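Protein chains get the first letters and strands the later ones, always in sequence-line order, with residue 1 at the start of each. Note that these values count all heavy atoms, side chains included, but never hydrogens, waters or copies made by symmetry. In this text, all values refer to a predicted model and were calculated from it rather than measured experimentally.
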Amino acid sequence: MAVNTGGVRREARTMMTRRSVRGDAQVPWLLRAVSCLDLTTLAGDDTPGTIARLCAKAKEPIRKDILKALGFEDLKIQVGAVCVYPDRVSDCKHFIGDSAIPIAAVATGFPAGQIKHEHKLEEIRQAVADGASEIDIVIPRKLALAGEWDQLLRELQDFRKACGHAHMKTILATGELGELTRIYKASMVCMEAGADFIKTSTGKEKENANLEVSLVMCRAIRDHYQRSGIRVGFKPAGGIRTAKQALQYLVLIKETLGDEWLDPSLLRLGASTLLTDIERQLFHSAFGCYPSACEMPMP
Amino acid sequence: MEALRLDYGEAKEKVEEEMKWLERHARKFGTFVGGEFRFSPSPAFAPSVDPCTEEVLAECEQAGKEEVDQAVAAAAEAFKSWSALTGHERAKYLYAIARSMQRHHKLLAGIESLDNGKTIRESKNIDVPLAVRHFYHHAGWAQLQEQEFAGYRPLGVVACIIPWNFPLLMLSWKLAPALAMGNTVVLKPAPSTRLSAFLFCDILKEIGLPPGVVNVITGDNEMASYLVAHPAISKVAFTGSTSVGKQIRKQLAGRDVKLTMELGGKSAMIVLQDADLDACVEGCVDSIFMNQGQVCCAGSRLLVQEGVKDKLVTKLKERIERLRMGNSLDKNADMAAINNANQLRTISTFVDEGRKEGGEIFQSNLSFNPSKGYFFKPTLILGLQTCSSLSQDEIFGPVLVLHTFRTPEEACLLANNVRYGLAASIWTEKTCVAMEMAKKIRAGVVWINSHNVFDAAAGFGGCKESGFGREGGKEGIFEYLLPAWKGKVKQGKAERRDDGQEQGVGSNSKMSVSSEEFAQVDRTNKLFVGGKQVRSDSGLSVPVLSHNKELIGHVCNGSRKDIRDAVEAASSALSSWAAKPGHSRAQILYYLAENVSARARELEQRIMTMTGCSALEAKEEVNVSISRIFSFAAYADKYGGSVQETTLDGTVMAMHEAVGVVGIVCPSSHPLLSLMSLLAAALSRGNAVVIIPSERHPMIAADLYQILETSDVPPGVVNVVTGSKQPLALVLAEHRAVDSLWFFGSKDSIAKVESASADSMKRLFVEEESSRDWFTSTQETTLELLQAATHVKNVWIPHEM
């Protein structure tokens, strides 16, 4: 199986010219994007204080008056998950309380994955024990780059076991895999190993999520589904900052995988600043004028 | 020994004199118009209630339209002679008012505490002395009027609408500058606090202020709305809620009534980890529990650096337990009553909401439980985050919401993360850190190691939804003046050509242009956004015609989204541009002038083709434009602010900061000169701009793209969107991230822009097209643009050796 790069580029580019969501039609799309959002903070200076703020924003991602003006005040809108480093999981647990928002932890030596395999397994187990119900693991890139697919499969299966009841989201770090064919193959191995989601990037690579790799990964998900009947989710992450970009990903997924995938159980958008921009666009739909960023409560 | 109980006992202020004064008026007040107390033929009354006891103190008339008409007429009549007095004559009256208020200090304080519910300690030590000081200070400005404000004139009749939290002080903040500069006043006190205004009228009678100079009428909202819209009113000075402020602004759109808006706030008190925490705790008492938190600049958000949060909370809780509540006349009371039952309900609703949202509510175990009166215990709320309404909306009560931050940078972000921009305080021993934070916080007032300190010599006021205009200081004086040339018929070049329909055409203008144009490669005029020439989102172009209706090219027909993108670009360029030293901004402006000069011939041709003026006139326009850019380049490092001489033992600096993102909608007269004057003024003071060139002459802006690109103007600092002027201007007017809009257009379009700007409370600088002679440059015209381009922030630094 080989991926034709030129074809993918063309398809990714023209898809956006063939479909358009504008004006008030954007509102349900943007609200859905919010409910699929993995509200993320992965920084060295994360503290319990900032996690508290993030969790509060996760519970109330859009200002009440905006939702009210749009007629969606009864929609109990929350983000898809909060995503943090393993050491912050217990803070999340404390601040998320009983609001049923899943806690996702990155693990396996995120972002580079350059630690011993046993340590990776231990990291996963500890995060699950602390309360994470989703684990975003990074794949060992060296195995993918060397084409050692069997070894990659075995290691991922170990991760799968360590996750236990928690969902496993596998980060391909596509920006470090070099070519689209390799991305396709790595996607397939991840799904074979039992991944619940495949995810593009850590947000720390030079090249993060883009429409081309997303298209390739979504096609892999489609192929895998057609073969096995199992629906695997997709999570583009890194570099998604604007509402417009979010809409593009939603369009791409709708066109490639269908409406079923436009749901938090099968789609997550990994982002930290995207929410503020979506909130601003919704403000515009609600009140007919453009807001200033400082009016949106910061996460 | 145990028999000796050291209680404070009762220490109640005696109010016999206050009662006598009320009795003298038979506990009934009508209006004060034309220098005398009056009642209408069949008056309707509303009670004035003591908020601590709910007892009725007196009754005040609910005046109607007729009384408003009489009051305005009396003020208009008095304006003729009052404005004609010399500054010195008026200074003597203001001085007499101050002296008399001092003589009746105790009476004023007593009435204020009875009527408002605030502690006698505050009204005696804060409200009345500040009010007195305001009249003294402004007596001085009246004295200096002829020297300091020679090119200016008073406005006329000013309607003053004041709130109930500081009735006498707000009266003074408005009346002192208004009267000093020769205006006359109709004052409407708040419905629940009217008495001190009438006592003040007694003082005016005592000192013999000429009849009609100050008129007081009381009534309901309908009456207030009739007053502000009265055709004889030249200015409305309003202090109150943001929502009422917006209504007034919409009501007065297009009416050419000058406005001051002192509105709500959600100010931050920021505690860095090195601060003296005991001092901070006392600071909290001053900042949020003063006047029961009913202070527009109250520090209602306590932002604490993470490392010292627990320690501060422990200390604060302990201090709150020791706060004493009592009757407003109890000299031992730290706090007394909320002013009215409505406000008490509002506060309770907010706190209930906070509880529902999972906030940890801490209130003291005070044993003070009177059966009557509108009391609310001091309250600290922990565990709420930025998205809580208690962290975003003004509560206007003794309710403090706590948040934590990691770094000073983050503290500034949090401080700015609200709709309001009134005040902030910074608590640290590192004044150098505090000063940088003070610059980054968007507010009109910043206190260091203190909160709620005021003085007549320093302007008070805010930005964003906290309003605009300043009260106090020299900056506050300009709120009650107009440049003398304004409102008078302009003569000179502005009228001569090119407003309205084209007139006679310079005969030699056309031929040289056409021959050059044919030689040129076809040029596409795009938009200029974020330092790049970009196509419009609309994908449409509109033809541009010369003065004699020949096609001279096309420009992009910019859309709503282009404005959005331009504002976005300006917003991100703003902070580094504003932070550049004035010297660097000057260098760039001089370079801009240099490049305009290098292309002078081309620009002259363009002006001739567009406007049909003569070659000589075009040459002059270019030359004056260059000189204008030079002037504002010169001012880039010569308008930084001043040191205010307040009563504080310390330094108070009035810093002239950039307003922010400024939208400039250009007039069509003298397209190059008017655009350059406005642009250079805005850039000089560090603003980032979005320009909508005049619809008739957009080519001149398009010609500037290359000049801007080669003049080292950083990307995003200047953005140009061509297209249909009115709809684009309205998008700018409504855009919340546009801090000020400068608009030149017809009377009708000004009304639309003013109305559209009301919700975002942005500052406006509007003028009817062709009312200005762009060639003239005087001290007043220059100062006017510099004032429009700056925002005054007063930073208070106590001395602590």
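- Ring geometry for A:Y85 against A:F110 counts as perpendicular: the plane angle is over 60°, on a 0 to 90° scale with 30° as the lower cut.
- Counting heavy-atom pairs under 4.5 Å between each of A:H284, A:K64, A:R63 and chain B puts A:H284 at the top.
- Inspection of the A:K244 and A:T242 side chains reveals no N or O donor paired with an N or O acceptor under 3.5 Å.
- Using a 4.5 Å cut-off between heavy atoms, B:N416 contacts chain A through its backbone alone, with no side-chain atom that close.
- Heavy atoms of A:K59 lying under 4.5 Å from chain B are absent altogether.
- Using a 4.5 Å cut-off between heavy atoms, B:K561 touches chain A through backbone and side chain atoms alike.
- With a threshold of 4.5 angstrom between heavy atoms, B:V731 approaches chain A through side-chain atoms but not through N, CA, C or O.
- In this structure, no portion of B:L730 lies under 4.5 Å from any heavy atom of chain A.
- Of the residues listed (B:R419, B:R249, B:K250, B:K464), the one engaging B:D759 in a salt bridge (Lys or Arg N to Asp or Glu O under 4.0 Å) is B:K250, and it is the only one.
- Within the 4.5 angstrom heavy-atom criterion, only side-chain atoms of A:F283, from C-beta onward, approach chain B.
- Between chain A and the options B:Q392, B:H403, B:R560, the largest number of non-hydrogen pairs under 4.5 Å is found for B:R560.
- The parts of A:R53 that come within reach of chain B are both its backbone and its side chain, each placing non-hydrogen atoms under 4.5 angstrom from that chain.
- Among A:P291, A:P299, A:G49, the residue with the largest count of heavy-atom pairs under 4.5 Å with chain B is A:P291.
- No side-chain donor-acceptor contact under 3.5 Å links B:E465 and B:T242.
- Both the backbone and the side chain of A:D45 come within contact range of chain B, with heavy atoms under 4.5 Å apart.
- Within the 4.5 angstrom heavy-atom criterion, atoms from both the backbone and the side chain of B:L414 approach chain A.
- In this structure, chain A has no heavy atom under 4.5 Å from any part of B:K309.
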